[in-house]
Amino acid sequence: MKTKFTLETMLHKNVRRVIISSTFFVIIVFTTSFSYAQENNVTVCNLRTEYLKNPLGIDMLHPRFSWVIESSERNIIQSAYEVQVASSLQNLSDNNADIWDTQKILSDTSVNISYQGKQLKSDQSYYWRIRIWDNGGTVSSWSKINFFHTGLFNRSDWTGQWIAPKDTNISSPLLRKEFNITKQIKRAYVFICGLGYYEFYLNGKRVGNHVLDPGTSDFNKRALYVTYNVKNYLQEGLNAAGVWLGNGYFRTDDKNFRHYGSRPQLIFQMNIEYEDGSSVHIVSNNSWKVSGSPILSNSIYNGEVYDARYEKEGWDLPSYDDSQWKNAINIVSPKNRILSAQLMPPIKVDKIIYPISMSEPLNGVYIFDFGQNFSGYPILRVDGGEGEKVIMKTAEVTRKDMLSMQDRRTEGIVDTIDASGDRSAKATDIYILSGKPGTEVYTPKFTQQGFRYVQLEGFPGQPDLTSLSAAFVHSSVQETGEFDCSNSLFNKIHKNVLWGQRSNLMSMPTDCDQRDERMGWMADADLSAEEAIYNFDMAAFYTNWLRDIQDEQHADGSVPDIAPDHKWLKGTYRGTPAWQAAYPLVVWYVHKYYGDNRILSEHYKSLKKWMGYMKSISKDYIITSGRGDWVQPERGGYAGDGSVPITSTGYYYTSAEIMKKTADILGKKEDEMYFSVLADSIKKSFNKHFWNASNGYYGNDSQTSNAFSLYAGVVPKEHQEKVVKSLVRNILLKHNGHLWTGILGTKALIEVLSKCNRIDVLNKIVDQTTYPGWGYMVSKGATTLWERWGGYKYFDAGMNSLNHIMFGSVDEFFYKDLAGIRAEEPGFKNILIKPFITGDLTFAKGTVNTVMGLVSSEWHKAGNEIKLDVSIPVNSNAIVEIPKSGLKGPFVLKESGKIIWEDSTLQDQVEEKLSVKESGSYFQVTVGSGNYSFELIGQ
Ligand code: BGC
């Protein structure tokens, strides 16, 4: 469903006509010379470089700039912009854009403007600002000055070497280096990568607040380095740099998992420039000193053992006696390992969570309940004697929880934790006390767990609720969405989605956060991607992850099901269609929601190659292999409704369509034709194989077979009604208003039911508290989303995480349908606000902070009146569809208290002249930017 904006969309005080071509948005602005600069109050804010605010480490030669425009006026469009870039803050403040000045560029683009100035140099700060002209010809003030600092563009810029301890038995080494500073420092930046994880200290202070850094990647191919501005950490005279390394995904305990080396390793470079113009580099080499640390073992899956008796006080300060420490050794890094800047939000502590209760089911065994399932680690506060050992084991459930989820009796059960869902992951942190006077506080460094409960053992004395807290840890993507409505179950489901989504962002989108997997399973990611994009700023995160997928592509074009790849699949395993299809889909989402065209060109060649692989596994355009609709109710995994060829071929078709549109955008006419023909052929063959003409359904009439066919877009118009009828019959009659789908079919259901005007059915599905559905999880106490609809009721712990995000697509129903916010053009340049008012809902509200600015929609229904408040960001346009919601005419439509529609006609006398159309069950109003308050009164 694509809305075209070909009208005069805005008329406001002066005659300003914006003619917008449906595809390219060539804007021609006719304007009176009348200036109303002060009135307009246009400001430019939220400047971002490569989606990040003032990033350090930009390592592309043409980074892209984006900004947001704000105004209290309506109908503001950017008609031109000017970007200035300077080599110093002073220069730019003095109006000397010595690096780049675009001058006035006529364009309405405010997202992803590619830098085209003088060649950028490594390790330099660049300052930039922007001003814009609006459609009235008025120029804004200059924005605040923002900056970016470049990383190291070339491998030869790195003079530091990969180093490591000689002794492979050291679990978590400390590395240190002292150096002298004799002159005044002008600037100092550090570029650092520690594999698997590092913490960096200068002169006794921790630098930065990232945890579990850097992001994981296929370390044989790429490692991410992080850039820090360290000038303020340095001092004249002797200085000390210290780096603490952990294993992360680089050296896992189980060699069958990801395992890249026998010891953690470091590359480090500090570039110092003195005020006198001279410079020095402090770099990693074998002059660095290495020692073991109090961390005796560390594993992302198994937890950490920390013996505080081995703490080396002052190890990160100058003049520490390291005479007993050994020298580091140089490590030869894999020939093809690229060092790339980490240009995504790092993993950080989101917040500290406190337990809501503590119990002692067995003598000396304490259970702390944090009231919420989440990713992170416990933090211990303890007083006690030297050598005493405190054990913290984490779990998602207690034994009683487990039994009650299975509808079994819990009387007499000793309610310790049940950690069977962690499978082989030990998820246990052990702290051995130093015995020093005062309270000892222990926070694990190089591990992470998914849990709600902590079982504490060996605690000296009697713990209380202050003995444990926990850090909630995940990639620090900014929250962009909010949703609220009058149905408390929906609000709770939404909340569970948020906890689940955050918990599963660990520099890559993970499947789960607790058991021995926690990997970038690709279908899990793409099925929740749109939900994630509504809730969080995912642009930089997905840009990084898509490159991980590209890195993993095999010579035959296939990509694995997991990115970064997993050792047990490596090389031999070919992905399955529905998991691999995350590659084109997420590329497309980044384009669609962030107005990003570079993502299309960067991945085009690889995607084309991947399409070649898909073709090679197809026969008569049909792909029969795959896992299909994973974890349908009562299924252990693989789809059980015969729909595998439908979903696999459906994704093949969807991918061909994406390639067709991408080729068109990139101007590759021949390819566009090729993919267009391919898509048609797949569609024909799909219908030939799967359409049951006599009965009017696809496959064997399962929900997934019908919903997925509709979702993929292969259903010819003339069949649609019948398919929807079959689908609805299955939901309402066969399953009593419940879904009967796995992860693929569920996303399909959510997408198609509103499109096919059966929002009532979708509302019914989501509003269920009986099995299967999200509400069933809630009724069983879920605080996140589960991997399986029935949780432990139908399956044991083998594959039964309680914090999976792959059913998170339900949030699309909340944002797209109930709040009614949809991006109609790349990057929310055009927006559709089309809320569905259904069931007994009386109110819904959604806000999304998009690349264009804030979009919001809030409706209330009372009696024969529907109120809809809408905000459209500057430089965007929208079609607002106000639902009649069962009301009968005659209708009166007001905007901000003024009647704009009455007696079936547009009222001319209104000050704000909006284009209004009555269309079926909606009133359709075309609006420009601004805040609007509609009131529809019926009978
Ligand atoms: C993961 C899933 C994943 C699936 C595919 C599981 O172990 O946790 O979320 O998509 O495997 O087989």
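Note that ligands are numbered from 1 as they come in the structure, with each ligand's atoms numbered from 1 the same way.
Ring to ring, H494 and Y815 are close: their centroids are under 6.0 angstrom apart. Between F813 and F490, the distance from one ring center to the other falls under 6.0 angstrom. Ring to ring, H591 and Y589 are not that close: their centroids are 6.0 angstrom or more apart. In summary, the aromatic rings of W789 and Y794 are positioned with their centroids too far apart to meet the 6.0 Å limit.
Each of D511, R515, E517, W521, D524, W579, R627, W630, E787, M799, H804, M806 has a non-hydrogen atom positioned under 4.0 Å from some atom of ligand 1.
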Q: Kindly determine whether W579 and V559 satisfy side-chain contact (heavy atoms from CB on, under 4.5 Å), including the steps that lead there.
A: CA-CA 9 Å; W579 272 247; V559 293; over 6 Å; no
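Taking the centre and axis of the six-membered ring of F795, the NZ or CZ atom of R788 falls inside the cone set by 45° and 6.0 Å.
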